[in-house]
Amino acid sequence: MKPRDRLRIAMQKSGRLTEPALDLLNRCGLTFRQSRDKLFCFGEGEPVDLLLVRDDDIPGLIAQGVCDLGIVGRNVLNEFKGTAGDGAATLTEWRSLGFGRCRLSIAVPQDVAYNGPNDLSGLRIATSYPGLLGTWLREQGVVATTITLAGSVEIAPKLGTADVICDLVQSGGTLVANQLRETDVLLQSEAVLAGPDALPTDERGDMIELLLKRLDGVIQVRESRLLLLQTSRNTLDAVTRLLPGGPQPTLLPVAGQPDQLMLQALCAGEVSWRQLEEIKKAGAREMFVLPVEKMLA
Ligand code: ATP
Ligand code: ZN
């Protein structure tokens with residue numbers, strides 16, 4: 001194949017991963033001439049173009065060298081690695097991207113007793129992930145029949161075409177609506193940046209390294225929160241001990257209240273209501289959690 005001088009990233013044309021993937025690339029400073037109805041999107045600033053395809057095609061496009069990178073669910077990537085021939089094993093997750101979170105799980109009809117994977121022996125399991133299911137069944141030492149379906153896996157038990165299913169679950173709402181209950185998690189999944197094991201040695205490799213650095217910055221900021229609160233000096237230690245991980249907090253005096261301090265802390269992840277309530281119990285008040293837009297240390 002003729003070498004390319006521009007980087008090409010494959011992503012889902014239309015689906016759950018499309019908007020968050022584009023948003024992430026935009027935040028990395030990549031913009032594209034809008035031709036979203038087309039297969040190909042030309043990158044404007046940097047020499048990076050997009051190929052918009054079905055998510056299932058993404059690992060194959062990278063493995064064939066048609067694209068340099070792809071944004072795809074770990075479920076799709078690992079299914080490909082497990083079922084395609086030897087060459088496919090050279091695909092790697094370069095980064096996990098924190099969106100498109102879901103899990104691949106076994107679910108059984110609500111009214112069926114289930115005590116563990118052994119209960120699947122001899123059953124028919126409907127799935128779109130025969131590779132991942134097969135590997136898991138082998139690990140469990142269970143022999144069952146895999147029924148491979150392209151979609152609507154969740155209705156197979158009701159239709160009588162399978163006894164149980166192995167499907168993606170996010171909130172679990174679809175399972176409940178189909179009188180199924182989740183029993184075993186085979187894989188925790190999210191969108192990942194996938195690429196070949198080894199970076200290209202030409203300009204495209206340099207561009208990938210630049211992109212990975214920008215991605216790390218974007219991901220770090222996206223997960224950061226600025227926590228602001230007030231505390232009196234005598235509860236400061238108790239409050240500080242409960243702060244979610246991050247660099248040392250900054251302390252500021254509060255005008256007219258010598259006993260009070262304003263505390264400012266950068267937190268490495270989400271700050272939950274529960275954490276806030278605990279910190280409040282320790283003596284904090286006037287608490288704010290703010291998203292961080294940009295960070296330059
Ligand atoms: P395509 O037309 O590209 O093949 P699709 O129907 O296979 O689309 P989507 O339903 O858009 O794909 O899901 C894309 C990815 O989103 C999944 O592979 C998975 O990684 C992730 N995902 C997150 N939550 C869910 C969910 N509840 N159900 C299915 N996929 C989910
Ligand atoms: Zn798909």
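Each ligand, and each atom within it, is numbered from 1 in the order the structure gives. Throughout, numbering of the chain's residues begins at 1 and tracks the sequence.
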As a test of understanding, state which of Lys280, Lys281, Arg274 forms a salt bridge (Lys or Arg N to Asp or Glu O under 4.0 Å) with Glu278. Lys281
Which atom of Gln275 lies closest to which atom of Glu270, heavy atoms considered: OE1-O, 3.7 Å
Atom CZ of Arg124: over 12 foreign heavy atoms under 6.0 Å: yes
Nearest atoms (heavy-atom pairs only) where Val66 meets Arg4: O-NH2, 3.4 Å
So, Ser14 and Thr18: side-chain donor and acceptor under 3.5 Å apart, yes or no? no
Any salt bridge between Glu46 and Arg214, counting N to O under 4.0 Å? yes
Using links of under 4.5 Å between side-chain heavy atoms of ILVMFWY residues, direct or through other members, which residues join Val112 in one cluster? none
The Zn ion (ligand 2): which protein N, O or S atoms are under 2.8 Å away? Asp55 OD1, Asp56 OD1
Any salt bridge between Asp55 and Arg16, counting N to O under 4.0 Å? no
Distance-only check: which donor-acceptor pairs under 3.5 Å involve side-chain atoms of residues 142-155, not counting sequence neighbours?
none

Select all protein residues for which some heavy-atom-to-ligand 1 distance is less than 4.0 Å, and list them by chain and number. Gln12, Gly15, Arg16, Leu17, Arg54, Asp55, Asp56, Gly73, Asn75, Val76, Gly100, Arg101, Cys102, Leu168, Gln170
